[in-house]
Amino acid sequence: VHYLVRKDLKSVFNNGLIRLRVNEKAHYEFLYKIIESNYFKRYVQSIAYGTSTQPNMQINVLLGLEILLPSIEEQKAIAKILTSFDDKIDNLKEQNKTLEKTAQTIFKEWFGKYRIDDELPDGWRVGKLGKEFDISIGRTPPRKQTQWFSNKPIGKKWISIKDIGNCGVYIKNTSEFLTNEAITKFNIPVIPENTTVLSFKMTVGKLTITTEEMLSNEAIAHLKVIKDSYLTSEYIYLYLQNLDFNSLGSTSSIVTAINSTIIKNLDIIVPNEDVLREFSYVINSIFLKIKNNTNQIISLKKTRDILLPKLMSGQIRINEFKD
C-alpha cells in the first residue's frame, strides 16, 4: 500500500510504514510512478519474507533497489504523461459510480416502494430466485495441485470474491485462470457472458456481471437467465443491490454465510413483462455506457502499463520538456 503526500502533513506513523522523501536528483511524482509500477511490485515480492498472510521486508534491502534517473525536467515530463492516464482512468471510474447511482435511483423509483408482503400491481408476482434463474455454484480444484491454476491468460478467467471487490458493475479481469484440463476434470461450471454473480460466503452480497464466459470459486453463485425469460441480469443486479443480506445469514466472529439453499429459496418480486421491458429500455443505455467505460479503463491501463517501463528505462525518451 502506498500514498503520495503532496503537501506538508503533521502526522506520525507506526513501524509498519516508511516515509520516502526525494533529494535534488529526483522528482517526487516520478518516484511515486516507480512505486506504482509492476517493476517495483515484483521487486518487493522478491525480497519479502514471512508468511503469505504476514509478509515482511527489510528496509535496507528495499532501499537497495536501483532506478534510472533522467534529468529532473524529463522526470517531470514522464510523470505528467503517466498522470494523464491515471486521471482519465479515475474520471471514468467516477463516471461509472455516478451512472450506477443513477441506475439505482431509477430502479427505486420503479420498484423500490414494493415489498414481498405488499399487495402488488396486476400481473406482478413473488417468485423464488432459484425458479426464476438457473443458479449454479462455482468450484475450486485442489489447491495443492498447482497445475490447474495460472496467473497467465490460459483456459478461462476464475473469479474470486477479491476480484469482485476490485471491479465495478462489470468484471473484466481476474487474478487467476483455470486450465481447460481443470475445467473438464473437476466439472467446473462455466458462467455465460452477461450473467450476474453473487458472493454468498465470507463477504456476502458482492455483485458483478460477467463480460465473457468465466468461472468462479465455491463462494460465488451464478444467476443465469433462463431461456425465454423476460427477466434480465441488470434487473436482478439492481434488485439484489438493495437487499439486506445480513438478515439472511448466520453470523460468527469469523464468517457470515448464506448457503445455496437460502439463495435458491430467496423471494423476489417479479414485475409483469411489459413493465420490465419498459424499464430495460430506460436502463440499458446506462449499463452499456458503464460497460464501454469499463472497456476503456482496461485499455488505458494496458497502454499505461506498457508505456511505463519503457519510459522508466529510457527505452522511450521525451525530447521536449514543456509544462
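All values below come from the heavy atoms of this structure, side chains included, with hydrogens, waters and symmetry mates left out.
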**Request:** Quick one: closest heavy-atom pair of V282 and S285, and the distance?
**Result:** O-OG, 3.6 Å
**Side chain proximity check, L238 to F279, heavy atoms < 4.5 angstrom** = yes
**Request:** May I ask you to test the P271-Y235 pair for a side-chain heavy-atom distance under 4.5 Å?
**Result:** yes
**Message:** Could you go through K113 and D118, starting from their C-alpha distance and side-chain angles, then the distance that decides it, and tell me whether this counts as salt bridge (charged side-chain N to carboxylate O under 4.0 Å, His left out)?
**Reply:** CA-CA 9 Å; K113 61 184 176 182; D118 291 346; over 6 Å; no
**Complete:** dist L129:CG -> L223:CG (nearest 0.5 Å) comes out at 5.5 Å
**Working for side-chain contact (heavy atoms from CB on, under 4.5 Å), residues T203 and I164** = CA-CA 10 Å; T203 304; I164 299 178; over 6 Å; no
**Fill in**
What one should report as the nearest heavy-atom pair of Y230 and R277 is CB-NH2, 3.8 Å
**Prompt:** So Q241 and F107, side-chain contact (heavy atoms from CB on, under 4.5 Å) or not? Walk me through it.
**Reply:** CA-CA 10 Å; Q241 284 280 18; F107 178 87; over 6 Å; no
**Message:** Quick check on the hydrophobic clustering: are I135 and I188 connected, directly or via other members, by side-chain heavy-atom contacts under 4.5 Å?
**Reply:** no
**Request:** Indicate yes or no for a side-chain donor-acceptor contact from T210 to the backbone of N194 under 3.5 Å, with no hydrogens or angles considered.
**Result:** yes
**Item:** Side chain S299, main chain N295, donor-acceptor under 3.5 Å
**Value:** no
**Message:** Determine whether F111 and W124 satisfy the following criterion, ring-ring contact (aromatic ring centres under 6.0 Å, His included), listing intermediate values before the conclusion.
**Reply:** CA-CA 11 Å; F111 308 112; W124 293 37; 5.8 Å; yes
**Asked** Should the pair R125-E132 be classified as a salt bridge under the 4.0 Å nitrogen-to-oxygen rule?
**Response** yes
**Message:** With side chain to side chain contact (heavy atoms under 4.5 Å, CB included) as the test, pick out the partner of V169 among N96, I290, L99, N293.
**Reply:** I290
**Message:** Using only atom types and a distance under 3.5 Å, with no angle test, would you say the side chain of Q75 pairs donor to acceptor with the backbone of K25?
**Reply:** yes
**Message:** Is it the case that the side chains of T211 and K291 hold a donor-acceptor pair, with the cut-off being a distance below 3.5 Å and no angle test?
**Reply:** no
**Item:** Contact check, side chains of L308 and F85, non-hydrogen atoms, under 4.5 Å
**Value:** no
**Message:** Looking at T208 and G168, would you say the former's side chain and the latter's main chain have a donor-acceptor pair under 3.5 Å?
**Reply:** yes
**Asked** Does the W158 side chain pair with the main chain of S216, one donor and one acceptor, at a distance under 3.5 Å?
**Response** yes
**Residue pair Q95, L92: steps toward the side-chain contact (heavy atoms from CB on, under 4.5 Å) verdict** = CA-CA 5 Å; Q95 279 186 36; L92 289 168; 4.2 Å; yes
**Asked** Between the main-chain N or O of D86 and the side-chain N or O of R304, is there a donor-acceptor pair closer than 3.5 Å?
**Response** no
**Asked** Where the side chain of T140 meets the backbone of N217, is there a donor-acceptor pair that is under 3.5 Å apart?
**Response** no
**Prompt:** What distance separates T294 OG1 from K289 NZ, expressed to the nearest 0.5 Å?
**Reply:** 10.5 Å
**Request:** Looking only at non-hydrogen atoms, find the nearest pair between F177 and K152 and report the distance.
**Result:** CD1-O, 3.0 Å
**Item:** From CD (E278) to OG (S280), nearest 0.5 Å
**Value:** 10.0 Å
**D163 side chain to S160 side chain, donor-acceptor N/O pair below 3.5 angstrom** = yes
**Message:** So D267 and K128, do their side chains get closer than 4.5 Å, heavy atoms only?
**Reply:** yes
**Prompt:** Taking atom CD1 of I236 and atom OG1 of T195, what is their separation to the nearest 0.5 Å?
**Reply:** 12.5 Å
**Asked** Do V190 and F133 sit in the same hydrophobic cluster, where Ile, Leu, Val, Met, Phe, Trp and Tyr count as joined when their side-chain heavy atoms come under 4.5 Å apart?
**Response** no
**Prompt:** Mind checking whether N242 and Q104 have side chains closer than 4.5 Å, heavy atoms only?
**Reply:** yes
**Complete:** Rounded to the nearest 0.5 Å, the CD atom of E212 sits from the NZ atom of K172 at a distance of 6.5 Å
**Prompt:** Just by distance, do the side chain of T83 and the backbone of A79 share a donor-acceptor pair under 3.5 Å?
**Reply:** yes
**Prompt:** In terms of side-chain geometry, is the basic nitrogen of K97 or E100 positioned less than 4.0 Å from the acidic oxygen of its partner?
**Reply:** no
**Message:** Could you check whether any side-chain heavy atom of L231 comes within less than 4.5 Å of a side-chain heavy atom of L276, counting everything from C-beta outward?
**Reply:** yes
**Request:** Would you check if V197 and I171 make a side-chain contact, meaning some heavy-atom pair closer than 4.5 Å?
**Result:** no
**Asked** How close do E74 and P70 get, heavy atom to heavy atom, and via which atoms?
**Response** OE1-CB, 3.6 Å
**Fill in**
Scanning both residues in full, the closest heavy-atom pair of K201 with I161 reads O-CD1, 3.1 Å
**Item:** Reported NZ-to-OH distance for the pair K76 and Y28, which is rounded to 0.5 angstrom
**Value:** 9.0 Å
**Request:** Could you tell me which non-hydrogen atom of L178 sits nearest to which non-hydrogen atom of R139, and how far apart they are?
**Result:** CD1-O, 4.5 Å
**Donor-acceptor contact below 3.5 Å, side chain S84 vs main chain I81** = yes
**Item:** Any side-chain heavy-atom pair of P189 and H222 under 4.5 Å
**Value:** yes
**Item:** Pair L266-I263, side-chain contact (heavy atoms from CB on, under 4.5 Å): steps then yes or no
**Value:** CA-CA 5 Å; L266 183 67; I263 290 283; 5.8 Å; no
**Message:** Could you check whether any side-chain N or O of Y239 sits under 3.5 Å from a backbone N or O of I269, counting only pairs where one atom can act as donor and the other as acceptor?
**Reply:** yes
